[in-house]
Amino acid sequence: GKTGGSDSSATKGTVKIGVLHSLSGTMAISEVSLKDAVQMAVDEINAKGGVLGKQIEPVIVDPASDWDLFAEKAKELLIDKKVSAVFGCWTSVSRKSVLPVFEQNNGLLFYPVQYEGEECSNSVIYTGATPNQQLIPAAEYLMSEKGGGYKKFYLLGTDYVFPRTANKILKAYLLSKGIPKENIIEEYTPFHHQDYQTIISKVKRFAADGKACILSTINGDSNVPFYKEFANQGLSSATCPIMAFSVAEDELRSMDTEFLVGHLAAWNYFQSNDLPENKKFVADFKAFCAKKGLPGGDKRVTDDPICWAYTGVYLWAKAAEKAGSFEVSKVRNALYSLDFDSPDGPVKMDPRNHHLAKPVVIGEIKPDGQFDIIWKSGGLVDPQPWSPLTSPDKDCDWVNHNGTYAKK
Amino acid sequence: MKTKNNILLYILFIAFFAILLPAGYLTGLLSVNTISVWGRYFCFAIAALGIDLIWGYTGILSMCQAFFFCLGSYGIAMHLLLKKTVAAGAALPDFMAWNKIETLPFFWQPFHSFGWSVILCLLIPAAFAFIIGLVLFRSRIKGVYMAIITQALTLAMWLIFLRNETNLGGTNGLTDFNSILGYSLSASSVKLALYLVSLAVLCTAYYCCYRITHSKFGKVLQAIRDSESRVSYTAYKVVDYKLAVFVVAALLAAVGGMLYLPQTGIITPGRMDVKASVEMVMWVALGGRGNLKGAVIGALLVNFLYSICTSLFPDSWLFILGFLFVITVLYFDKGFMGLGDTIRQKFSATRLKTSQTH
Amino acid sequence: MNTSLLRMLMCCLLLLPLFSAGQDSASIYTAQLLQPPADSVRSQAIGRLAALRIPATFPLLMAINDKKLYLLDQKAVTIDSHPSSEGTYRLYSLYPDNTLLTNSSGQPLLLQLSALKTVDIPRADRLQLASIAPLFNLFSNDPQKRTLAYSQLKHTGDSATLRTLKAALARESNTDALRTGKEALYAMQLYNVSTTAIAKAYIDSIADNWSDNAPVLLRDYARSGFLNQETAQYAAAKAVGLEKRYDNLQRVQHFFSGLSLGSILVLIALGLSIVYGLAGIINMAHGEFMMIGAYTTYCTQVIFTKALGIPQTDLFFFFALPFSFLVAGSLGWVLERLVIRHLYAKPLESLLATWGVSLILIQTARLLFGDLTAVKTPQLLAGGWQVSPHLTLPYNRLFIIALSILMVLFTYLMLYRTRLGLQIRSVTQNRQMSACLGIETRRVASITFFIGSGLAGLAGCAITLIGNVVPDMGQTYIVDSFLVVVTGGVGKLAGTILSGLGIGFFTKISESFFQAVYGKVFILVFIMLFMQYKPKGLFPDKGRIAED
Amino acid sequence: MSNTPVLTVNNISAAYGQSIILRGTSLAVKKGAITTVMGRNGVGKTTLLKTIMGLLPAQEGSIVFNDENITSLPPYKKAKAGIAYVPQGREIIPKLSVYENLLLGLEAHPNRKAKIPEEEIYQLFPILKDFRKRAGGNLSGGQQQQLSIARALVSAPSLLLLDEPTEGIQPSIAQEIGGILKQLVQEKELSVLLVEQKIDFANQVTDHYYFMDRGRMVLDGTAEALKHAELEKHIAV
Amino acid sequence: MLLNVNNLSVSFGGVHALNLDHFSLRDKELRVIIGPNGAGKSTFLDIICGKTKADKGEITFNGKSILGKSEVQIAETGIGRKFQKPSVFPGLTVYDNLLLAAKMKKDIFTSLFFKSTPALEEKIHHVAVKLSLTNVMYKPAGDLSHGQKQWLEIAIVVLQDPTLMLIDEPAAGMSDEETEKTGALLLELSKSHSIIVIEHDMKFVEQIANELVTVLVRGKRLMEGTFAEVKNDQRVIDCYLGRTNAQLETL
Ligand SMILES: Nc1ncnc2c1ncn2[C@@H]1O[C@H](COP(=O)(O)OP(=O)(O)OP(=O)(O)O)[C@@H](O)[C@H]1O
Ligand SMILES: Nc1ncnc2c1ncn2[C@@H]1O[C@H](COP(=O)(O)OP(=O)(O)OP(=O)(O)O)[C@@H](O)[C@H]1O
Ligand SMILES: [Mg+2]
Ligand SMILES: [Mg+2]
């Protein structure tokens with residue numbers, strides 16, 4: 001195919017980027033905020049004079065939670081609109097759907113959401129967490145004395161790739177730590193599952209003799225009924241805490257948090273982060289939403305994916321400046337080892353693959369939908385796209401090895 | 001007069017899509033993506049023809065066409081994926097390796113061969129349609145009952161395809177193919193070729209459907225739509241007829257799906273979820289039910305609008321499409337195709353009135 | 001009213017014999033805790049206090065553990081567990097004494113939370129209290145806490161704890177907690193006895209007491225082979241017996257779950273059945289009317305809490321019920337006037353138009369409310385009714401069941417006992433002839449749509465009790481509700497009810513056998529097979545009227 | 001029998017879509033009399049009644065009922081004004097019981113509190129009493145026709161439009177219907193517009209005849225004025 | 001005997017609609033069935049043509065039992081039906097209605113590759129003329145008037161050319177003249193077909209009832225005899241013809 005370079009648009013005063021987040025359909029719940037975050041970053045950068053002297057022009061499309069449309073829109077952005085980079089996707093399937101398009105057309109996708117790993121494309125910059133940046137620390141924490149020393153784990157998720165892979169890795173990890181098989185239960189519910197009565201009664205039985213916790217990869221609108229039922233059947237964070245990997249501030253924004261208080265979540269970023277950079281980021285985001293008249297206005301909150309979607313734009317801009325060009329290959333090379341002061345503090349691109357090294361935090365849900373940060377990793381945690389637990393023989397290195405390779 | 005109009009329409013259609021669009025591409029006015037996108041719409045149109053046969057003509061609202069469509073797509077996808085895997089020297093497609101599957105499941109085996117894949121892509125949907133049809137039509141399920149049952153079936157299949165245990169890629173479906181029959185899928189010429197093939201298949205399918213609906217067989221179908229019992233009392237085996245047309249519709253959907261896959265590059269169970277299966281019916285309804293041209297135009301136009309609007313009006317395209325649906329329904333009697341009729345009728349009505357008063 | 005205070009005092013007295021005193025260091029640590037020069041100091045202070053186990057500091061530690069530590073004029077205080085009706089709380093001082101704070105006139109001091117300064121203690125620090133939490137939780141005001149404490153205590157076998165446990169049990173009033181407490185006691189003693197007969201007696205007691213952990217306890221005991229083979233076998237047998245009984249109760253629970261799921265389906269399907277079965281309109285936007293009902297509930301909540309300034313009440317929900325009916329109904333009425341009215345002769349077109357309308361409604365909701373909102377469950381409906389120790393029926397589900405019974409009754413009476421009902425049924429079946437008989441068909445159709453959509457709205461309101469509110473929530477239920485209406489037989493009220501409940505039960509039962517996904521597949525397949533035998537639903541029309 | 005017309009139809013025309021069926025049809029129904037329209041199949045008799053009832057819009061001309069122009073009133077207003085209609089093809093509400101079908105007759109009754117005159121109705125159509133609870137749609141053809149007539153009578157109309165009311169009804173009851181019509185006309189000043197094909201029945205009750213052909217009235221006159229032979233001739237056109 | 005019926009009974013919700021001890025029909029016989037409304041006449045025909053399932057009893061047609069067979073199978077053995085309430089294909093033109101009805105192989109493949117022949121066209125035209133359908137030949141059948149639909153349905157049965165025709169109230173909604181025409185047609189058809197006719201029009205019955213007339217009352221066979229016998233039977237007069245009708249006869 002033609003190179004996705006932007007030389008044609010580079011001669012004009014603007015540089016185009018694509019925004020590929022679902023604004024309608026089932027995923028809109030999560031993705032709309034990411035579009036807003038990208039938009040805000042673009043506005044900020046433009047206000048400061050743009051990138052390489054050019055204003056960024058975002059091309060926003062709505063793939064409508066329709067995976068085929070993701071592929072189509074990706075083609076449109078790369079081939080017809082000739083954008084320099086694309087910021088988008090949330091679900092694994094949407095990423096997988098556009099992946100070949102980006103690879104075949106030499107595009108660059110900034111993917112801001114935590115994901116299951118086991119992938120390392122040359123065309124994707126993964127700003128979200130890899131399993132070892134979210135799942136493993138969370139499990140480790142729960143098993144630790146400080147975390148409560150839990151010994152039984154109920155792995156509950158929505159039935160799709162992320163939970164399945166996440167649980168596979170978690171299970172491998174737990175087993176490796178000497179948790180007996182019978183103390184780990186894995187269960188999945190369909191998307192949009194609303195009725196958790198049966199499952200919670202199973203959990204109740206499982207947790208009866210204490211020291212049990214839930215590792216939840218339940219997605220989207222199933223969460224509220226899940227937590228409600230959990231409380232209804234008399235369980236609580238004291239008896240059996242839920243560690244969620246897919247519940248962030250944005251989801252909690254207007255949820256009835258009453259039932260969630262005291263439960264936990266693991267991410268790389270929380271709005272409650274005390275850094276001044278973050279305080280400014282949060283205030284800016286609220287102001288941005290209010291100014292643009294977006295639903296929620298200044299009640300809006302930031303969360304992990306929002307932070308990384310926002311950071312992604314800056315990373316790209318910084319890399320382009322560093323490379324002195326918008327050309328994908330140059331930007332990509334400039335990204336290696338690039339560091340940036342994100343709202344979450346300094347973060348750093350991996351020197352050899354396309355993932356981001358960043359801190360891991362665990363938070364406890366507060367009644368106002370915010371998180372009490374109760375644990376924080378010592379420093380930046382390096383990304384591992386291939387989990388050593390499930391793929392011990394694989395690693396990813398685009399500098400020396402042309403991507404995924406087999407370790408000796 | 002009417003046939004003349006029709007022929008003109010056909011010529012226009014073919015001239016536009018077979019000559020103008022490719023020419024536009026070759027002269028660099030259109031990107032290969034535009035061509036490819038239209039190629040995909042053609043696949044939908046092929047499936048829509050099937051829906052029009054089964055629903056428009058026979059009056060059976062089948063909501064499982066999306067499922068047949070996916071069967072076609074999945075079959076080809078399995079073939080392409082296996083080819084890619086073998087070329088890469090791996091034993092198993094990536095996702096199976098992740099799912100810790102040791103050997104290729106038996107039902108993947110035949111898809112090593114392109115010929116077998118095509119045959120199976122047709123055979124499996126046909127067999128499915130035959131069995132489902134036999135069971136449903138025999139117990140005389142009709143009307144909404146039929147619609148909801150087939151919808152339930154699609155839903156069940158959707159849930160099953162979503163599972164990883166089925167070894168069909170789960171929610172992620174099958175994706176990331178590089179070549180078909182040795183030609184690279186990312187090559188523009190291949191995309192153009194696929195577009196032309198789709199167009200040719202669409203035209204052929206249209207012609208076949210035209211012949212079917214204009215034969216006595218077609219009249220029996222319409223008679224079944226009107227009064228099934230009368231058809232029985234006139235000694236036609238209603239079940240046979242319904243079954244035949246159901247299988248034909250399934251085949252058309254599958255063919256559409258087969259051509260759709262290489263042009264889209266991904267197939268996921270999302271193609272057959274509730275929304276998708278309702279939408280397929282909507283194309284036909286909007287185009288004009290019981291009118292083959294309507295089915296084609298409905299499928300092309302709705303999908304075109306969907307693509308265009310999601311890009312041009314990402315925030316408000318649902319409004320636009322929604323209002324379009326409502327307005328089409330309220331003001332055009334027989335969908336898009338009825339547009340001409342409606343206007344003509346209005347015109348002649350006024351003429352009638354004036355001629356009367358004089 | 002002062003139970004909490006009494007308990008805390010009691011706690012101090014009872015624990016006295018257990019621990020050495022260390023009052024001096026306690027006040028130092030307490031001060032450090034409240035005004036730490038650095039986080040690490042606070043952390044250490046808590047650690048020390050936990051290790052010292054000084055009864056006088058227990059109320060303070062308990063407040064920390066409950067995250068209910070506040071500062072009032074630099075003094076550490078805590079609040080009552082429940083606010084008064086105005087949203088104010090009673091306050092208690094914490095250390096060194098533990099008393100109810102009063103104002104100048106001797107009345108209890110009542111303050112809003114905003115008047116207090118929250119002391120945030122990090123979870124890491126709080127977790128240091130885990131080891132002694134059971135001890136002071138034993139005297140908590142909250143029965144749930146006490147229950148938890150009892151069950152945690154059963155793992156520590158020392159005699160001092162045993163004594164404390166007994167003392168606490170003597171005063172236990174909550175049945176649940178009492179049961180758990182007894183269990184802990186028996187469990188501890190079970191490992192202390194040495195004769196088979198007494199061991200068996202304890203095993204019996206545990207089984208009779210039958211608290212949550214009984215089977216696990218007995219199995220553990222059996223496995224440990226603590227006394228001899230005989231008692232082990234005896235315990236194992238008892239455990240099996242208990243589990244059997246539990247399974248039976250579970251069956252009842254499943255039955256209830258099925259009932260509740262079924263009643264939700266019925267509630268949703270009722271409106272659909274009226275609009276679709278009776279008016280012949282395939283209303284693809286039905287789910288969206290449900291969504292409108294849910295958003296109405298949300299708006300009512302916002303209005304109550306924000307605009308009217310009535311926080312913390314359940315009132316909004318009970319206002320929301322009629323509101324959601326009216327709002328959804330009115331919109332349905334408008335829809336009928338603007339669109340559906342022109343389509344009665346063309347049911348197919350109505351399918352299309354309502355599909356279009358549903359797109360518009362979803363997007364409107366998204367623009368107005370963003371993507372995620374949720375409604376607070378009213379206090380009154382939180383929790384559940386404990387029928388027997390192992391069988392709790394959540395109030396919200398009971399409420400939904402009651403609501404759907406009510407609505408079924410309402411619909412039945414409306415349709416079959418009123419003139420309007422007769423008109424509705426007549427218009428549905430033969431619009432033209434009804435008009436010729438003097439029925440204002442347009443008005444009747446509007447009303448039909450109003451009621452149908454209103455019922456959907458009501459269902460939406462009820463759903464907020466168990467699910468969340470998103471723009472496309474309607475789509476989640478639409479297929480299910482169509483399934484219900486169709487398996488019941490179009491336009492058949494009794495059919496709708498029966499199939500709704502049936503599908504609810506089967507879903508729940510199959511879910512207890514398969515995983516949820518396969519449960520759903522199973523249900524779908526089951527319905528398909530069922531339709532083989534009843535191609536026109538549960539209650540098909542018989543005879544000539546059934547012809548096409 | 002007075003001479004004032006209850007219903008006058010002036011020069012109306014009506015069409016189904018493109019095809020015009022009524023082309024300037026006129027007729028008058030006298031108060032307290034039975035007026036019969038006759039004509040071959042497909043000339044537009046049913047269409048005429050539908051147009052009078054308002055089911056089909058009259059594109060031209062006017063319909064006057066009790067000195068009031070009702071041309072464009074919706075059907076339900078016409079029904080409430082006192083016009084009852086027994087359509088061709090019965091049009092029973094199939095899933096309502098026989099009793100409920102009768103209840104519907106009350107919708108147009110001038111007195112909202114009125115009750116079904118059960119005794120009279122059941123005397124005329126005894127079968128309806130036995131089948132009170134049965135779904136109307138399950139009745140036999142003739143029974144449905146009886147129900148349809150009964151339903152119209154329940155509303156105590158001042159004008160009754162009957163479209164081949166005796167179709168499918170057993171001879172004995174058909175005769176009784178004729179009798180009851182005459183009785184009602186005499187006792188209650190009921191006016192009747194009857195569409196009928198069977199000369200025997202028409203002859204038994206008619207006061208005034210109209211003959212229709214291709215959407216127009218081609219001949220009219222009182223029963224005495226038109227001899228039997230002439231009637232037959234016309235129908236054979 | 002072409003058609004033999006024994007002990008046929010059916011009830012709807014506990015009410016006996018039909019309870020026929022015996023009924024038989026010769027080849028090429030024209031039989032008229034009369035009886036009060038709700039006597040079970042239509043129900044009887046419904047059972048023969050497979051629309052309604054009988055509770056018990058037996059029906060043999062051409063020596064073969066047809067009870068329990070499906071509508072199509074029965075139609076294939078040569079039984080055609082005209083219903084009381086007109087049943088045609090409203091969306092198709094009158095011509096298409098007739099074409100579909102015409103006797104020929106009716107499987108899928110024949111239909112797919114069907115080409116009309118002059119002989120067939122001739123036949124359709126012939127029937128259309130006979131039933132005065134020529135001027136509405138290309139109208140959709142749904143747009144016909146009630147009487148025209150009756151004609152069309154009779155035409156459908158005629159073109160189907162079945163061994164046994166079951167005709168339910170053919171004269172309803174027809175004028176006296178047309179009724180007579182229909183009678184003549186039926187008489188002509190009866191030379192080559194067996195026919196069962198149900199009718200309430202006594203003039204019509206008189207015209208066509210050259211052979212037996214069966215009287216059904218409350219699902220039972222009250223009597224069977226020539227028209228004259230039936231007409232003068234007191235029981236028939238009491239429950240069916242009525243007093244006034246008898247007066248009319250003497251007029
Ligand atoms: N719905 C319709 N659409 C179009 N044409 C119609 C429709 N209904 C009737 N017609 C036509 O209108 C004409 C008059 O029909 P109408 O039913 O009024 O006849 P009629 O005099 O009542 O006949 P019959 O004695 O058979 O009942 C017929 O030629 C018929 O074909
Ligand atoms: N599904 C049913 N449920 C109850 N009763 C029924 C049903 N079907 C028919 N009947 C009754 O069975 C009896 C026989 O009906 P049938 O239609 O055979 O009468 P018929 O002799 O044809 O009368 P008509 O002369 O009025 O056409 C009638 O009394 C009718 O009410
Ligand atoms: Mg007529
Ligand atoms: Mg009959």
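This structure is a prediction, so every number in the text was calculated from the model and none was measured. Labels below follow one simple rule: chain letters A, B, ... track the order of the sequence lines, proteins then strands, and each chain is numbered from 1. Heavy-atom basis, side chains included; hydrogens, waters and symmetry copies ignored.
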Asker: Is there a side-chain contact between D:E91 and C:Q429, using heavy atoms and a 4.5 Å cut-off?
Answerer: no
Asker: D:I93 and C:S434: which non-hydrogen atoms are nearest, and at how many Å?
Answerer: CD1-OG, 4.1 Å
Asker: For D:R134, which atoms come within 4.5 Å of any heavy atom of chain C: side chain, backbone, both, or neither?
Answerer: neither
Asker: Among D:P94, D:G54, D:S155, D:G105, single out the residue with the greatest number of heavy-atom pairs under 4.5 Å to chain C.
Answerer: D:P94
Asker: Sort D:K78 into side chain, backbone, both or neither according to what part of it lies under 4.5 angstrom from a heavy atom of chain C.
Answerer: neither
Asker: With respect to chain C, which residue among D:K95, D:M53, D:K80 yields the maximal number of heavy-atom pairs within a distance under 4.5 Å?
Answerer: D:K95
Asker: Any chance CZ of C:F506 has more than 12 other-residue heavy atoms, nucleotides or ligands included, within less than 6.0 Å?
Answerer: no
Asker: Answer with side chain, backbone, both or neither: which region of D:A135 has an atom nearer than 4.5 Å to a non-hydrogen atom of chain C?
Answerer: side chain
Asker: Do other residues, nucleotides or ligands put more than 12 heavy atoms under 6.0 Å from the CG atom of D:D67?
Answerer: no
Asker: Could you tell me whether C:E440 and D:K77 have a side-chain N and a carboxylate O separated by less than 4.0 Å?
Answerer: no
Asker: Can you tell which part of D:S148 gets under 4.5 Å to a heavy atom of chain C, answering side chain, backbone, both or neither?
Answerer: neither
Asker: Counting only non-hydrogen atoms closer than 4.5 Å, does D:L106 touch chain C with its backbone (N, CA, C, O), its side chain (CB onward), both, or neither?
Answerer: backbone
